[in-house]
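Atom set for the values below is all heavy atoms of this structure, side chains included, hydrogens, waters and symmetry mates excluded. The sequence lines fix the lettering, A, B, ..., with proteins before strands; numbering per chain opens at 1.
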Number of protein chains: 2
Amino acid sequence: MEIFGRAGYQNASFAAVAEAVGLTLPGLLHHFPRKVDLLIAVLEQRDTDMRTRFPVIDDSWLGTLDSLIQVARYNETVPGVVRAFSLLSVESLTEDHPAAAWFAARTEETRGLMARAFRRGLAEGTLKPDRDPEALAAEVMAVMDGLQIQWLRAGTAFDLSGIFEAYARHFIETHRA
Amino acid sequence: MEIFGRAGYQNASFAAVAEAVGLTLPGLLHHFPRKVDLLIAVLEQRDTDMRTRFPVIDDSWLGTLDSLIQVARYNETVPGVVRAFSLLSVESLTEDHPAAAWFAARTEETRGLMARAFRRGLAEGTLKPDRDPEALAAEVMAVMDGLQIQWLRAGTAFDLSGIFEAYARHFIETHRA
DNA sequence: GTCTATAGCGGGATAGAC
DNA sequence: GTCTATCCCGCTATAGAC
């Protein structure tokens with residue numbers, strides 16, 4: 001995670017990872033036969049970790065936004081992980097990237113869950129019916145991803161969770177029915 | 001631009017660029033002594049192009065948002081360019097990336113201009129004083145960047161300009177004093 | 001201004017000993 | 001399960017002819 005966070009996947013040296021964990025390159029290759037196997041393992045690791053830390057217990061749109069605020073706060077404490085995921089996520093847009101399908105599915109799933117929460121809000125009458133639920137989900141995800149990138153670039157001076165929370169509160173205020 | 005858009009910078013082969021323009025590698029190196037010189041040239045090219053296409057004629061925050069809607073519409077017509085810039089922008093977060101300073105300065109400048117427009121709105125009384133101008137600027141940029149990434153991943157099914165426009169209109173409605 | 005030829009490096013992966 | 005030694009590849013860049 002640390003190495004991928006510094007260099008991305010393609011530019012990261014597998015040998016550097018081996019050295020970082022106190023192994024030689026063939027030593028690490030014993031556990032991960034190919035470099036791409038390590039990539040997949042890293043992605044799954046973070047995924048499992050996040051699902052454990054932030055299980056979906058509340059599928060209301062208000063609860064979802066509240067969870068995202070918590071996620072933003074947590075992410076501020078693990079810049080290396082955020083860096084790795086932002087890097088890998090965008091890098092997966094390159095041709096024939098081994099994690100392209102993984103990120104496509106992951107994005108789709110997250111957007112789908114959020115859109116469902118917004119649709120439920122519409123059905124329950126808690127959400128104003130002036131915007132498309134899918135578009136709202138895409139917007140919220142975009143804000144989170146985009147702010148993270150700016151935060152990674154600007155450093156600690158950038159108040160990631162503060163800005164996201166202000167956005168989320170305004171979102172709730174102005175979309176609540 | 002096309003090659004960088006497919007592979008990013010580090011993973012792109014300079015020789016592939018040479019072949020794409022009908023030259024051998026040393027032939028291209030005659031015009032761009034090092035690979036990084038080509039990168040800088042590509043960045044400057046796009047920058048000049050955008051400044052020509054969308055000159056800052058109106059520094060009101062309403063005019064700025066309107067310009068951004070136009071930018072989103074234009075970007076939809078040049079996916080390869082958007083891909084290249086999204087890729088290079090995030091790739092520049094890696095350690096010792098040659099374009100790190102360029103993107104940092106560029107981001108800073110854009111956010112500064114937008115923040116200034118919002119501050120002017122506050123002074124003129126056209127913008128509600130409930131949010132920090134810098135945070136609003138960061139938010140708008142995040143939406144644009146984040147939506148572009150989702151659009152690049154999802155393909156033509158994703159209505160980039162439509163979603164951004166809906167966001168911008170809601171933004172105007174709910175922030176106008 | 002473009003080429004052929006080549007240097008020189010670092011990358012991922014394999015063979016096989018221990 | 002970890003190592004040394006090695007292979008082979010693709011990459012950027014240089015040298016020097018034309």
Side-chain angles (χ1 to χ4, degrees), chain A residues 1-46 48 80-81 83-103, chain B residues 1-46 48 80-81 83-103:
Chain A
M1 193 82 82
E2 198 182 314
I3 304 275
F4 287 161
R6 279 207 274 265
Y9 170 68
Q10 326 215 53
N11 194 242
S13 158
F14 199 65
V17 177
E19 195 190 349
V21 296
L23 284 176
T24 58
L25 191 151
L28 183 59
L29 277 166
H30 174 75
H31 301 278
F32 302 95
R34 294 162 310 161
K35 187 187 178 187
V36 66
D37 296 320
L38 176 63
L39 172 63
I40 300 300
V42 163
L43 296 177
E44 296 295 346
Q45 173 75 19
R46 155 81 170 182
T48 304
V81 176
R83 179 182 295 268
F85 255 66
S86 297
L87 242 49
L88 294 174
S89 168
V90 173
E91 186 182 344
S92 80
L93 295 171
T94 56
E95 242 177 10
D96 302 320
H97 194 282
W102 195 92
F103 275 105
Chain B
M1 194 82 84
E2 197 182 314
I3 304 274
F4 287 162
R6 279 206 274 266
Y9 170 68
Q10 326 213 56
N11 194 243
S13 158
F14 197 67
V17 177
E19 195 190 348
V21 296
L23 283 178
T24 58
L25 192 151
L28 183 58
L29 277 166
H30 174 75
H31 301 278
F32 301 95
R34 293 162 311 160
K35 188 187 176 186
V36 66
D37 296 321
L38 176 63
L39 172 63
I40 300 301
V42 163
L43 296 177
E44 296 295 347
Q45 172 76 19
R46 155 81 168 179
T48 304
V81 176
R83 179 181 297 268
F85 254 66
S86 297
L87 242 48
L88 294 174
S89 168
V90 174
E91 187 182 344
S92 80
L93 294 171
T94 57
E95 243 178 9
D96 302 320
H97 194 280
W102 195 92
F103 275 106

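A heavy-atom distance below 4.0 Å to DNA chain C is reached by none of the residues of residues 88-98 of chain B.
If you measure from atom CD1 of A:I3 to atom C1' of C:dG10, you get 16 Å, rounded to the nearest angstrom. Following rounding to the nearest Å, B:R34 (CZ) and D:dC11 (C1') show an atom-to-atom distance of 17 Å. The separation between A:H31 atom NE2 and C:dA13 atom C1' is 16 Å, rounded to whole Å. Rounded to whole Å, the distance from CG on B:L29 to P on D:dG16 is 17 Å. Here D:dC11 presents its C1' atom at 17 Å from CG of B:L39, a figure rounded to the nearest Å. In this structure, B:E19 places its CD atom 15 Å from C1' of D:dC11, rounding to the nearest Å. The separation between A:N11 atom CG and D:dC11 atom P is 14 Å, rounded to whole Å. Put simply, CG on A:L28 is 14 Å from P on C:dT14, counting in whole angstrom units.
The phosphate of C:dT2 has neither OP1 nor OP2 within less than 4.0 Å of any side-chain N or O from B:T24. Listed pair A:S13 / C:dG10 fails the phosphate criterion, with no side-chain N or O lying under 4.0 Å from OP1 or OP2. Contact check, A:H30 against D:dT2: no side-chain N or O comes under 4.0 Å of OP1 or OP2.
Nucleic acid contact for A:A12: sugar-phosphate only, since backbone atoms but no base atoms lie under 4.0 Å from a heavy atom of the residue. At a threshold of 4.0 angstrom between heavy atoms, the contacts of A:L25 include nucleobase atoms, whether or not backbone atoms are also involved.
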Determine, step by step, whether A:V17 and A:L28 satisfy the side chain to side chain contact (heavy atoms under 4.5 Å, CB included) criterion, reporting the C-alpha distance in whole Å, the side-chain angles of both residues, the deciding distance to 0.1 Å, and the verdict.
CA-CA 8 Å; A:V17 177; A:L28 183 59; 3.7 Å; yes

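By the neighbour-count criterion of 12 heavy atoms within 6.0 Å, atom CD of A:Q10 is densely surrounded, having more than that number from other residues, nucleotides or ligands. Residue-environment remark: CD (A:E19) stays at or below the threshold of 12 foreign heavy atoms within 6.0 Å.
In this structure, the side chain of B:S86 does not engage the main chain of B:R83 through any donor-acceptor pair within 3.5 Å.
Which of C:dA15, D:dA15, D:dT12 sits closest to the side chain of A:P26 comes down to C:dA15. Proximity note for A:K35 (side chain, C-beta onward) versus D:dA13, D:dC3, C:dA13: the nearest is C:dA13.
Among residue pairs with one or both ends in residues 26-40 of chain A, those qualifying as salt bridge (Lys or Arg N to Asp or Glu O under 4.0 Å) are A:R34-A:D37; sequence neighbours excluded.
By the side-chain contact (heavy atoms from CB on, under 4.5 Å) test, B:P98 is found to be paired with B:Y9, B:V36, B:L39, residues two or more places apart in sequence or in another chain being considered.
Note: B:L88 CG to B:F103 CZ = 5.0 Å, rounded to the nearest 0.5 Å.
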